[in-house]
> 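Starting off with a structure, shown below.
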Amino acid sequence: LEPKLRMQLPQIASFTPDIRHEGIEEMKRYLTPGAQKTKGSGGGLLPALGIVLSEERVRVDVNCLTLPRIIAAGIPVPDSRGGMWAPILNQARFNVSPGRAVELNVVVVYHRDLGRSFNTVYGRIADMVNKFAAAYRFGDRPYATVEAGDLDDHWGAVQRYFSQNKLPSNVFVLDFTRPPRRSSTDPAYSSVKHMLGKAGYLSQFINFNTYDHGQPRDFKKSNTILQGVSRQILSKCGVRVWWVSVPRSLPLPAVFVGVDVFHAPRKYDPKEKKRTAKESCAAVIVQLIRSAEQDDYPTVELYSETERRQAGQEMELGSVMNRAVANALKHFNVSPMSCIVWRDGVGDAAIDDVAKDEISGVRNALQSMSLSDSGQGGGPRIEGEKSSLAYMPRIKSEETSLAYIVCQKRIATKFLTADGSQGMPAGALIKSLHSARHDTFYINGTSPPYSTPKPVRFVIAKRDRALEDTDMSELSWALCHDYPNWTGPIKLPSPVQMAHKLAELAGGFPDCGDSLNSHKFANSVHFL
């Protein structure tokens with residue numbers, strides 16, 4: 001489809017709450033005995049077969065969660081901007097002097113059609129990045145430029161440059177791509193990303209087919225897009241562009257774990273003469289929160305790993321999670337007080353079996369980082385931390401408290417007002433619909449105007465006693481505001497959304513992410 005039409009698909013293929021309500025009422029006529037008066041063929045057929053409505057729609061109590069405290073470089077986000085705080089970020093300044101900031105050695109890869117404009121666009125991006133006065137900055141000029149073309153001429157040019165040149169540290173790759181005509185994405189994207197990911201280079205692609213920043217028809221729109229790009233660049237480097245508060249009852253330091261598996265769509269194989277499935281890819285994100293104060297840690301502490309899986313294999317991730325969490329804790333050099341796991345992609349029937357396997361893997365990893373080595377919960381200081389922040393010593397035998405939550409997106413449940421005219425707002429919380437075995441709650445993370453909002457069901461499969469005072473719905477809602485790729489709430493907590501993003505990226509690589517350099521990419525959100 002044309003890119004513009006693809007962007008409009010959610011509006012075309014969705015139903016607003018009032019239209020959905022009318023459709024439900026019409027269908028009820030065919031399921032309620034006596035309500036369908038049509039005579040002849042089809043009249044009252046379903047009730048005659050025993051398919052009837054036993055009662056009206058379920059009524060539930062709805063609470064609206066408040067906006068968590070969000071601060072961008074000392075600037076608080078007001079409640080009125082809780083749905084989109086990008087304008088607030090334009091005022092954010094981290095006040096790091098240029099002499100103390102790390103200057104990135106930027107390699108610009110540009111399509112040959114952009115030869116006259118790429119330097120101007122680079123200058124605009126550099127100004128926006130440097131305007132934040134963050135811990136990373138761009139130079140006035142690129143470190144190097146690489147001219148590329150389409151397909152082989154794109155990844156071939158990148159491969160030749162990086163294989164033939166000895167590069168300094170702190171390399172960042174900007175790729176100004178222009179896909180072949182009528183293409184919305186560059187076919188070379190996965191190949192180039194794969195090469196850079198194997199070498200451990202951070203990169204940012206800018207698609208000039210989506211919007212031509214070299215010759216913008218609307219300069220304001222171009223600036224809005226490039227401002228988002230500049231924030232994404234800083235996030236990839238590890239800058240915490242904005243900070244979100246977590247419940248005070250959460251024992252700190254805390255480790256957040258997000259898990260998801262990407263299953264690539266089937267594609268036609270000319271050799272097999274049928275549609276075949278590519279291998280699946282699992283991703284695990286481990287994020288550390290040491291302090292409840294935003295000034296203490298201006299950068300993220302994050303570790304990620306991926307794992308190649310058989311096509312369609314969603315379960316048996318206990319060993320994968322054990323390895324990822326153990327490696328993360330060694331990298332952070334911390335023994336956490338609490339660990340919260342958000343797991344995507346698990347149906348009701350499999351929750352108990354999956355939870356048993358994965359909880360065991362995570363617990364073993366947590367026990368591997370015992371306090372007999374460090375003497376207290378919390379690792380060494382990173383440069384610039386406040387020396388006044390202290391950690392409370394822990395008893396050697398004390399175990400890290402753990403909670404395991406399953407996130408279910410593909411559900412049929414939707415919530416409407418009693419008269420059916422409106423959907424639920426973002427932050428709507430429903431706790432009165434429980435599963436038979438586990439505590440359950442629903443959160444409406446987003447509320448699009450063109451469709452009926454669809455909530456996510458959160459199933460708490462395990463929660464240790466030490467975490468009973470921590471409201472998991474409040475924590476999950478807070479982290480829905482912490483995804484660095486979107487300046488507004490999303491449907492899922494950021495760790496599991498980041499896992500989804502990484503699994504999708506790595507799943508597009510020829511080796512399903514086996515060559516990604518996890519250690520070089522530690523403490524950076526490289527997959528945005």
> I'd like to check the side-chain hydrogen bond (donor to acceptor under 3.5 Å, both in side chains) partners of Asn105; sequence neighbours left out, ordered by chain and number.
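Per chain and number, Asn105 pairs via side-chain hydrogen bond (donor to acceptor under 3.5 Å, both in side chains) with no residue.
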> Compile the donor-acceptor pairs under 3.5 Å between side chains in residues 127-145 and protein atoms, sequence neighbours left out, one pair per line.
residue : atom : partner : partner atom : Å
Asn130  : OD1  : Phe138  : N            : 2.8
Asn130  : ND2  : Ala126  : O            : 3.2
Asn130  : ND2  : Phe138  : O            : 3.0

> Residues in side-chain contact (heavy atoms from CB on, under 4.5 Å) with Asn523, at least two apart?
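Result, side-chain contact (heavy atoms from CB on, under 4.5 Å) vs Asn523: Glu301, His331, Phe332.
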> Report the residues that fulfil salt bridge (charged side-chain N to carboxylate O under 4.0 Å, His left out) with Asp352, sequence neighbours left out, ordered by chain and then residue number.
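Salt bridge (charged side-chain N to carboxylate O under 4.0 Å, His left out) list for Asp352, sorted by chain: Arg437.
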> With a cut-off of 3.5 Å and sequence neighbours excluded, list every side-chain donor-acceptor pair involving residues 487-506.
residue : atom : partner : partner atom : Å
Lys491  : NZ   : Lys454  : O            : 3.3
His500  : ND1  : Asp260  : OD2          : 3.0

> Holding to side-chain contact (heavy atoms from CB on, under 4.5 Å), I want the full list of residues that pass it with Asn327, two or more places apart in sequence or in another chain.
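Asn327: side-chain contact (heavy atoms from CB on, under 4.5 Å) contacts with Tyr303, Glu305, Arg323.
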> Before we go on, tell me: are the rings of Tyr122 and Tyr110 under 6.0 Å apart, centre to centre?
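Centroid distance Tyr122-Tyr110: not below 6.0 Å, so no.
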> For residues 308-317, which residue pairs pass the side-chain hydrogen bond (donor to acceptor under 3.5 Å, both in side chains) check, not counting sequence neighbours?
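Checked against side-chain hydrogen bond (donor to acceptor under 3.5 Å, both in side chains) - neighbours excluded - the pairs reaching residues 308-317 are His263-Glu314, Glu279-Arg308, Arg308-Asp514, Gln313-Glu316, Glu314-Arg343.
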> Side chains of Gln232 and Asn485: donor-acceptor distance under 3.5 Å anywhere?
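Yes, a side-chain donor-acceptor pair sits under 3.5 Å.
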> Apply side-chain contact (heavy atoms from CB on, under 4.5 Å) to Val246 and list each qualifying residue two or more places apart in sequence or on a separate chain.
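Applying side-chain contact (heavy atoms from CB on, under 4.5 Å) to Val246 gives Leu250, Phe256, Leu475.
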> Of the non-hydrogen atoms in Leu317 and Asp357, which two are nearest, and what is the gap between them?
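Leu317 and Asp357 have their closest heavy atoms at N-OD2, 3.4 Å.
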> With Tyr201 as reference, evaluate Phe521, Phe162, Phe172 under the ring-ring contact (aromatic ring centres under 6.0 Å, His included) test and give the passing residue.
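One option only clears the test, and that one is Phe162.
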> For residues 471-480, which residue pairs qualify under side-chain hydrogen bond (donor to acceptor under 3.5 Å, both in side chains), counting only residues two or more places apart or in two chains?
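Every side-chain hydrogen bond (donor to acceptor under 3.5 Å, both in side chains) pair that includes a residue of residues 471-480, provided the two are not neighbours, is Trp342-Ser476, Asp471-Ser473.
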> What residues form a salt bridge (charged side-chain N to carboxylate O under 4.0 Å, His left out) with Lys198, not counting sequence neighbours?
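Not a single residue meets the salt bridge (charged side-chain N to carboxylate O under 4.0 Å, His left out) criterion with Lys198.
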> Can you sort out the partners of Asp439 under side-chain contact (heavy atoms from CB on, under 4.5 Å), two or more places apart, ordered by chain and number?
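For Asp439 the side-chain contact (heavy atoms from CB on, under 4.5 Å) partners, ignoring immediate neighbours, are His434, Ile460, Arg463.
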> Going by the angle between their ring planes, with limits at 30° and 60°, are Phe441 and Phe458 parallel, tilted or perpendicular?
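It falls in the parallel class, under 30°.
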> Just jot down the salt bridge (charged side-chain N to carboxylate O under 4.0 Å, His left out) partners of Arg457, sequence neighbours excluded, or say none.
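Salt bridge (charged side-chain N to carboxylate O under 4.0 Å, His left out) list for Arg457, sorted by chain: Asp348.
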